[in-house]
Structures are given as C-alpha cells and as structure tokens.
Amino acid sequence: VQLQASGGGLVQAGGSLRLSCVASGSILSTDHMGWYREPPGQERELVAAVTSGGSTNYADSVKGRFIISRDNAKNTVALQMNSLKPGDTAVYYCNAGMSTTERGKPSYGHYWGQGTQVTVSS
C-alpha cells in the first residue's frame, strides 16, 4: 500500500498549484484523507482533511484559499492551492487512514506519501 503525491513546484506569490495524491495497493476502504505540510525548520502541521463522507477541515491559515477534494472511487485526494503566499512554502505530504490487507488480513493504518516540495517566491 502506498500513497503517491505529485504536483509540487515553484510559483510566484499569488499563483496557484494543485497537488494530487493517489492511494494504491490492497485497499479495502479509505477513511480520512488529508494534506500536511512541513515548513523549513518547523514541525509538520495539518493543512486540510476530508472524511469519506466529504466533510472538510482546514487550517486557519489556508481557509478561503485552499480547497481539498477526493474521489472515493479512485482513492485520490487533491489540494487546490490559490493565492499562494511565501509562508506556504513547505514540503507537503498526503495522508490517509485506510483498511488494507497488506498484512494478509484486514487491518487499519495511517499512511503517508513521500512529500512534494512547494516553494512560493515573493
């Protein structure tokens, strides 16, 4: 089971980027999916999350600028980032709580993607 993130890059302040993450492997079901970020020299923090039912939660710093969405059928989660600021510069990680059979029987775990760099220049 793995999460594969993509879509990071370098953008000027005020610009937009879209991050995508796809979960693959022996997945039975996916619970919450979300995005975290780790700014330089800081701890990892929640950016946005979405439940399997579509309820969303955003960090105050990104409300009104970022939109999280998911496709349950494809086990994907996306983060549309608009009006980007230099303070959004970080490595972004996707995260998901999933029931899988990777250990031979159903089990629940939290999985992380490999991280994708987002750099916003002023």
Side-chain angles (χ1 to χ4, degrees):
V1 176
Q2 64 175 352
L3 295 176
Q4 183 69 40
S6 61
L10 172 64
V11 65
Q12 289 188 329
S16 298
L17 281 175
R18 182 178 177 84
L19 305 182
S20 297
C21 180
V22 58
S24 62
S26 51
I27 301 168
L28 295 175
S29 64
T30 304
D31 184 15
H32 67 273
M33 301 185 83
W35 291 91
Y36 288 70
R37 66 187 181 188
E38 196 168 301
Q42 300 182 41
E43 295 185 350
R44 194 171 299 186
E45 60 183 14
L46 173 68
V47 177
V50 57
T51 67
S52 57
S55 296
T56 58
N57 181 41
Y58 295 92
D60 288 342
S61 60
V62 307
K63 283 181 180 177
R65 300 188 297 123
F66 291 11
I67 300 172
I68 190 170
S69 60
R70 65 184 286 172
D71 185 328
N72 291 334
K74 297 180 179 179
N75 283 326
T76 60
V77 61
L79 185 68
Q80 178 65 41
M81 305 185 293
N82 302 317
S83 302
L84 283 161
K85 304 175 181 179
D88 295 318
T89 295
V91 178
Y92 283 71
Y93 297 89
C94 59
N95 171 270
M98 298 185 289
S99 294
T100 75
T101 57
E102 68 171 349
R103 295 184 177 87
K105 61 180 181 180
S107 62
Y108 185 85
H110 297 273
Y111 296 83
W112 292 93
Q114 83 282 14
T116 183
Q117 177 69 47
V118 171
T119 302
V120 184
S121 63
S122 57

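Not one N or O on the side chain of Asn75 forms a donor-acceptor pair closer than 3.5 Å with the backbone of Ser24. A donor-acceptor pair under 3.5 Å is absent between the side-chain atoms of Thr30 and the main chain of Met98, judged by distance alone. A donor-acceptor pair is defined here as one N or O able to donate and one able to accept, closer than 3.5 Å; such a pair exists between the side chain of Asn72 and the backbone of Ser52. Thr89 places no side-chain N or O within donor-acceptor distance of the main-chain N or O of Thr119, the cut-off being under 3.5 Å. When atom types are taken as modelled, the side chain of Arg65 and the backbone of Ser83 share a donor-acceptor pair closer than 3.5 angstrom. A donor-acceptor pair under 3.5 Å links the side-chain atoms of Gln114 to the main chain of Ala5, judged by distance alone. No side-chain donor-acceptor contact under 3.5 Å links Thr101 to the backbone of Lys105.
Atoms CG and CG, on Asn82 and Leu17 in that order, are 9.5 Å from each other to the nearest 0.5 Å. Distance check: Cys94 SG to Arg70 CZ gives 12.0 Å after rounding to the nearest 0.5 Å. Ser69 contributes atom OG, which lies 8.5 Å from atom CG of Asp71 (distance to the nearest 0.5 angstrom).
Between Leu79 and Ala48, the shortest heavy-atom contact is CD1-CB, 4.1 Å. Listed here is the closest heavy atom pair of Leu28 and Pro106: CD1-CB, 3.7 Å. The two atoms that bring Glu45 and Pro39 nearest to each other are OE2-CG, 4.2 Å, heavy atoms only. Shown here for Trp35 and Ala78, the closest heavy-atom pair between the two residues is NE1-C, 3.7 Å.
Using a 4.5 Å cut-off on side-chain heavy atoms (C-beta onward), Val118 and Leu19 make contact. Between Phe66 and Leu84 the shortest side-chain heavy-atom distance falls below 4.5 Å. Proximity of Ser122 to Pro86: side-chain heavy atoms (C-beta onward) are separated by under 4.5 Å at one or more points.
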Exercise. Can you check side-chain contact (heavy atoms from CB on, under 4.5 Å) on Ile68 and Tyr58, steps first, answer last?
Worked result: CA-CA 9 Å; Ile68 190 170; Tyr58 295 92; 3.4 Å; yes

For this session: Under the side-chain contact (heavy atoms from CB on, under 4.5 Å) rule, what do His32 and Asn95 come out as? Steps first, then yes or no, please.
Result: CA-CA 8 Å; His32 67 273; Asn95 171 270; 3.2 Å; yes

For this session: In sequence, state the C-alpha distance, the side-chain angles, and the governing distance for Arg37 and Thr116, and then conclude on side-chain hydrogen bond (donor to acceptor under 3.5 Å, both in side chains).
Result: CA-CA 9 Å; Arg37 66 187 181 188; Thr116 183; over 6 Å; no

Exercise. Run the side-chain contact (heavy atoms from CB on, under 4.5 Å) check on Met81 and Arg18 step by step: do they pass?
Worked result: CA-CA 6 Å; Met81 305 185 293; Arg18 182 178 177 84; over 6 Å; no

For this session: Mind running side-chain contact (heavy atoms from CB on, under 4.5 Å) on Thr76 and Ser20 for me, showing each step along the way?
Result: CA-CA 7 Å; Thr76 60; Ser20 297; over 6 Å; no

Exercise. Between Tyr111 and Thr100, is a side-chain hydrogen bond (donor to acceptor under 3.5 Å, both in side chains) present by the stated rule, with each step listed?
Worked result: CA-CA 11 Å; Tyr111 296 83; Thr100 75; 3.3 Å; yes

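A continuous path of ILVMFWY side-chain contacts below 4.5 Å connects Ile67 to Val62, so both sit in one hydrophobic cluster. If you chain together hydrophobic residues whose side chains sit under 4.5 Å apart, Val47 and Val50 fall into the same group. Follow the hydrophobic side-chain contacts under 4.5 Å out from Ile27 and you never reach Val77; the two are in separate clusters. Hydrophobic clustering (side-chain heavy atoms under 4.5 Å, transitive across Ile, Leu, Val, Met, Phe, Trp, Tyr) keeps Leu10 apart from Val91. Hydrophobic clustering keeps Trp112 apart from Val22 (ILVMFWY residues linked when any side-chain heavy atoms are closer than 4.5 Å, directly or through intermediates).
For the pair Arg44 and Tyr93, the distance from NZ or CZ to the six-membered ring centre is under 6.0 Å and the angle to the ring normal is within 45 degrees.
The residues Lys85 and Asp88 are annotated as not salt-bridged, no charged nitrogen and carboxylate oxygen being separated by less than 4.0 angstrom.
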